[in-house]
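This chain uses plain numbering: 1 for the first residue, then up along the sequence.
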Amino acid sequence: MITEIKYKKQICDIGKRIYDKGFVAANDGNISIRISNNEFLITPTGVSKGSLTPEMIIKVDGQGTVLEGDYRPTSEMKMHLLVYQERPDIQAVVHVHPPYATAFAIAGIPLDQAIMPESVVYLGTIPVAEYGTPSTVEVPNAIKTYVHEHQGVLLENHGALTWGKDLEHAYYLMESLEFTAKINWIAKQLKGDRELSKNHVQTLVEMKAEMGIKGKSPLGTDTPEGVHAKKVTHSREQVLSQQDLNSIVERVTKNILTELKKHL
């Protein structure tokens, strides 16, 4: 019981952090922790992550049955349980809508470039999971492909999901994911998103293995001798016009308003 209380308080603390950082708006996002092989603590639906209290946190089993709690669990519980089912080593899952990462998710662009040593080692590649209607089995089915070889995914036109060995780890992966997306975006605006050479990336991957960090890493690019990084234009890349940007903003706004109406 003491351990459960500690975990509930930790969920509330992480909820406040993601809300204060602007990773969520209104009642967006959800957080969970594994407390035994078939028991999990998870956030409720319709409650701001910035104002969670321990008594709001719900205990469920692996089938999603509520074991304890007066609130209804998040409607996106299915994707949390899928991660736990596929990865017995995973102890926590975080789902939020950080602005830069969500923009990449909307654009359908994965975070798979070797632009920084830290992202190569600690984050690895973050793919885009095919769009699924929130709260349905479509979302778990979409992320199932990526759970074993990555530390998180972008959810197409939705947001981002990370999982880790504990809640702090899952949260820091989300921070790293959003920071990488932001740096990547800024570098693209400067037309300078240069990727590290394959030799440099290989050295980083070896360091990653020594540190026991799993998951796929970016490949890097071929460069002339003495050149450490080079701009690589992928076929998927497009120059966004003002009309494109307005369209993205319109779609994000529409999604947010739709979610807000659900909880009014």
Does one hydrophobic cluster hold both [X] and [Y], with members joined at side-chain heavy-atom distances below 4.5 Å?
| X | Y | answer |
| --- | --- | --- |
| Met207 | Val201 | yes |
| Tyr122 | Leu173 | no |
| Tyr84 | Val66 | yes |
| Phe179 | Leu111 | no |
| Val153 | Tyr131 | no |

Within-4.5 Å side-chain heavy-atom neighbours: [X] and [Y]:
| X | Y | result |
| --- | --- | --- |
| Lys144 | Leu82 | yes |
| Ile31 | Ile18 | yes |
| Leu177 | Leu123 | yes |
| Glu195 | Lys230 | no |
| Gln113 | Lys188 | yes |
| Thr43 | Ser32 | no |
| Tyr19 | Ser48 | yes |
| His150 | Lys216 | yes |

Closest approach of [X] and [Y], non-hydrogen atoms and distance?
| X | Y | answer |
| --- | --- | --- |
| Leu154 | Ala101 | CD2-O, 3.7 Å |
| Pro99 | Gly22 | CD-O, 3.5 Å |
| Val120 | Ser217 | O-OG, 3.5 Å |

First locate atom [atom1] of [X], then atom [atom2] of [Y], and finally report the distance between them rounded to the nearest 0.5 Å.
| X | Y | atom1 | atom2 | result |
| --- | --- | --- | --- | --- |
| Ile126 | Asn184 | CD1 | CG | 12.0 Å |
| Leu204 | Lys208 | CG | NZ | 10.0 Å |
| Asp20 | Arg17 | CG | CZ | 10.5 Å |
| Ile14 | Leu167 | CD1 | CG | 4.5 Å |
| Leu196 | Thr223 | CG | OG1 | 9.5 Å |
| Ile35 | Tyr7 | CD1 | OH | 8.5 Å |

Discussion item. Could you check whether Glu76 and Asn30, counting side-chain N and O atoms only, form a donor-acceptor pair closer than 3.5 Å?
Written reply: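 Side chains of Asn30 and Glu76: pair found under 3.5 Å.
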
Discussion item. In terms of relative ring orientation, are Tyr171 and Phe23 parallel, tilted or perpendicular, with 30° and 60° separating the classes?
Written reply: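 Because their plane-to-plane angle lies in the 30° to 60° range, the rings of Tyr171 and Phe23 count as tilted.
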
Worksheet item: Any idea how Phe104 and Trp185 line up, ring-wise: parallel (<30°), tilted (30 to 60°), or perpendicular (>60°)?
Response: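 Aromatic pair Phe104/Trp185 classed perpendicular.
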
Is a donor on one side and an acceptor on the other found under 3.5 Å between the side chain of [X] and the backbone of [Y]?
| X | Y | answer |
| --- | --- | --- |
| Asn38 | Gly62 | yes |
| Arg87 | Val147 | yes |
| Lys49 | Val47 | yes |
| Thr221 | Ser197 | no |
| Glu178 | Tyr100 | yes |
| Arg34 | Ile90 | yes |
| Thr102 | Pro98 | yes |
| Glu138 | Thr133 | yes |
| Thr180 | Ser176 | yes |
| Ser119 | Ile115 | no |

Practice prompt. Verify the neighbour count for atom CD of Glu130: are there more than 12 heavy atoms of other residues, nucleotides or ligands below 6.0 Å?
Written response: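 No, CD of Glu130 has 12 or fewer neighbouring heavy atoms, counting only those of other groups under 6.0 Å.
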
Worksheet item: Would you find more than 12 non-hydrogen atoms of other residues, nucleotides or ligands less than 6.0 Å from Glu250 atom CD?
Response: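 Result for CD/Glu250: open.
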
Worksheet item: Among Asp13, Ile11, Ile5, which residue meets the side chain to side chain contact (heavy atoms under 4.5 Å, CB included) test with Lys9?
Response: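 The side chain to side chain contact (heavy atoms under 4.5 Å, CB included) with Lys9 is passed solely by Ile5 among Asp13, Ile11, Ile5.
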
Worksheet item: Using 4.0 Å as the upper bound for N to carboxylate O, is an ion pair formed by Lys165 and Asp89?
Response: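 Looking at Asp89 and Lys165, the cut-off is not met.
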
Worksheet item: Hey, do the aromatic rings of His80 and His95 have their centres closer than 6.0 Å?
Response: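 Ring-ring flag for His80/His95: false, centres at least 6.0 Å apart.
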
Item to complete: For the pair Lys21 and Glu175, evaluate salt bridge (charged side-chain N to carboxylate O under 4.0 Å, His left out) and give the outcome as yes or no after the intermediate values.
Response: CA-CA 9 Å; Lys21 278 187 168 291; Glu175 271 200 357; 3.6 Å; yes

